[in-house]
Amino acid sequence: RLRKGIGKKDQKLLAKIGEEFIEGCKKMGVVDEATANTVWGWIKATGRYQFNKSHSTSYGIRGYKTAYIKAHAGLAFFTAWLKNAKYKIDPQQEVSALVGDAGLCDIDVVLPDVRSIEADVHTDGKVVRFGLANIKGVGDSQMKKLQEAVPLVEEKLGKKLADFTWWEFLIFLTPHLSVTVVTRFIEVGALRHLKLPRMRMKTDYLAWCTLNEKQQEWISN
């Protein structure tokens with residue numbers, strides 16, 4: 001009954017067993033009532049968190065291994081942890097804590113960049129970078145459209161995405177994406193390598209969206 005009460009953190013059951021324990025101690029007379037209450041306090045406290053020896057051993061081994069990886073392969077460690085932060089109870093708090101911890105380990109965690117069309121958190125061997133799908137409002141389907149469109153536009157223009165001007169990105173790539181996605185890319189700084197004010201890019205994009213298909217085609221040609 002005691003083990004069940006601790007395992008299920010059943011405070012009502014533990015309170016009942018506690019009364020029986022104190023009365024039993026009095027009856028046996030091995031310890032006085034004050035000592036019995038102290039011992040029961042220790043037993044009751046384990047009801048907050050306790051598990052068996054094999055479990056604690058496996059936790060210890062895993063803790064040692066992850067600490068070793070963090071110390072000797074920090075980029076891989078923080079990339080993996082940030083990638084899995086979305087499964088935590090409070091993902092934003094987890095990300096915030098991890099980014100701060102990475103800074104203490106001299107590892108830079110940087111914002112998404114359209115030149116790297118990775119969807120999730122990744123590393124280039126120098127920094128840890130958030131992926132484009134980590135941006136709120138950018139889903140898997142939009143990422144797939146972007147990844148399919150980039151090679152086609154690169155072939156059309158005869159240059160890599162990293163070398164696109166703002167106008168080339170605007171005219172040839174944005175038509176493949178939703179308004180929400182392009183706006184979010186601009187707002188979070190995923191196009192900051194173009195060195196243009198974000199408000200300027202948003203204004204240009206909104207103006208581009210007001211044009212009809214024939215007008216856009218004429219400009220493209």
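- Under a hydrophobic clustering in which Ile, Leu, Val, Met, Phe, Trp and Tyr are joined whenever their side-chain heavy atoms come within less than 4.5 Å, directly or via other members, Ile22 and Val39 fall into the same cluster.
- In this structure, the side chains of Val121 and Phe78 stay at 4.5 Å or more apart for every pair of heavy atoms.
- No more than 12 heavy-atom neighbours from other residues, nucleotides or ligands sit within 6.0 angstrom of NZ on Lys156.
- Annotation: the span from Ile6 atom CD1 to Ile17 atom CD1 amounts to 8.0 Å, rounded to 0.5 Å.
- The closest donor-acceptor contact from the side chain of Asn84 to the backbone of Ala80 lies under 3.5 Å.
- In summary, Asp140 and Lys144 do not engage in a salt bridge, as defined by a charged side-chain N under 4.0 Å from a carboxylate O.
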Run the side-chain contact (heavy atoms from CB on, under 4.5 Å) test on Ile43 and Phe21 for me, step by step, so that the C-alpha distance in whole Å, both residues' side-chain angles and the decisive distance to 0.1 Å come before the verdict. CA-CA 10 Å; Ile43 294 170; Phe21 179 83; 4.2 Å; yes
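- In this structure, OG in Ser56 is found 9.5 Å from CD1 in Ile61, a value given to the nearest 0.5 Å.
- Note: the hydrophobic cluster containing Trp208 also contains Trp218 (ILVMFWY, side chain heavy atoms under 4.5 Å, direct or indirect links).
- One finds the CZ atom of Phe172 at 13.5 Å from the CD atom of Glu154 (value rounded to the nearest 0.5 Å).
- The environment of Gln215 atom CD is dense: over 12 non-hydrogen atoms of other residues, nucleotides or ligands sit within 6.0 angstrom.
- Listed here is the closest heavy atom pair of Val128 and Ile107: CG2-CG2, 4.0 Å.
- Cluster membership check: Met143 shares its hydrophobic cluster with Phe169, using side-chain heavy-atom separations under 4.5 Å among Ile, Leu, Val, Met, Phe, Trp and Tyr.
- The two atoms that bring Lys70 and Cys105 nearest to each other are CE-SG, 3.9 Å, heavy atoms only.
- With a 4.5 Å cut-off on side-chain heavy atoms, His72 and Tyr68 count as touching.
- Between the CG atom of Leu194 and the CD atom of Glu168 there is a distance of 10.0 Å, given to the nearest 0.5 Å.
- Using cut-offs of 30° and 60° for the angle between ring planes, the Phe77 and Trp81 rings count as tilted.
- Summarising the hydrophobic clusters (Ile, Leu, Val, Met, Phe, Trp, Tyr; side-chain heavy atoms under 4.5 Å, direct or chained), the residues clustered with Val127 are Val110.
- There is a side-chain donor-acceptor pair under 3.5 Å between His122 and Ser116.
- Between Phe185 and Val182 there is no side-chain heavy-atom pair separated by less than 4.5 Å.
- Criterion: ILVMFWY side-chain heavy atoms under 4.5 Å apart, direct or through other members. Under it, Met199 and Val179 are not part of a common hydrophobic cluster.
- Other residues, nucleotides and ligands contribute only 12 or fewer heavy atoms inside 6.0 Å of the CD atom of Gln93.
- The closest donor-acceptor contact from the side chain of Ser96 to the backbone of Gln92 lies at 3.5 Å or more, if one exists at all.
- Remark: side-chain polar atoms of Gln147 are paired, donor with acceptor, to backbone N or O of Ile117 under 3.5 angstrom.
- In terms of heavy-atom proximity, Gly125 sits nearest to Leu75 at O-CD1, 3.2 Å.
- Without hydrogens or angle criteria, Asp101 side chain to Ala97 main chain gives no donor-acceptor distance under 3.5 Å.
- Contact of the Leu2 side chain with the Leu14 side chain is registered, since non-hydrogen atoms from C-beta on lie closer than 4.5 Å.
- Taking the side chain as every heavy atom from C-beta outward, Arg1 and Glu20 approach each other to under 4.5 Å.
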List the steps and the verdict of side-chain contact (heavy atoms from CB on, under 4.5 Å) for Phe130 and Ile135. CA-CA 8 Å; Phe130 284 106; Ile135 301 170; over 6 Å; no
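- A pairwise comparison of heavy atoms in Asp124 and Arg129 identifies OD2-NH2, 4.4 Å as the closest pair.
- Residues Asp204 and Trp167 form a side-chain contact, since some pair of their non-hydrogen atoms from C-beta on lies under 4.5 Å apart.
- Of the inter-residue distances, the one linking Glu23 atom CD with Lys26 atom NZ reads 4.5 Å to the nearest 0.5 angstrom.
- Residue pairs meeting the side chain to side chain donor-acceptor pair (under 3.5 Å) criterion with at least one partner in residues 170-198, sequence neighbours excluded, are Arg184-Glu187, Glu187-Lys202.
- Distance CG/Leu191 to CZ/Arg115: 9.5 Å, rounded to 0.5 Å.
- A donor-acceptor contact shorter than 3.5 Å links the side chain of Asn134 to the backbone of Gly131.
- In this structure the side chain of Ile219 reaches within 4.5 angstrom of the side chain of Leu211, judged on heavy atoms.
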Given the rule in the side-chain contact (heavy atoms from CB on, under 4.5 Å) test, do Leu173 and Leu161 qualify, once you have shown the distances and angles that lead to the verdict? CA-CA 10 Å; Leu173 202 52; Leu161 176 60; 3.8 Å; yes
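- A donor-acceptor pair under 3.5 Å links the side-chain atoms of Thr57 to the main chain of Lys53, judged by distance alone.
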Can you list the steps and then say if Glu118 with Leu132 is a side-chain contact (heavy atoms from CB on, under 4.5 Å)? CA-CA 6 Å; Glu118 294 281 344; Leu132 295 174; over 6 Å; no
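- Minimum interatomic distance between Trp166 and Tyr205 (heavy atoms only, all atoms of both residues): CZ2-N, 4.4 Å.
- Among all heavy-atom pairs drawn from Lys83 and Asp120, the shortest one is CG-OD2, 3.3 Å.
- Note: the hydrophobic cluster containing Val188 also contains Met201 (ILVMFWY, side chain heavy atoms under 4.5 Å, direct or indirect links).
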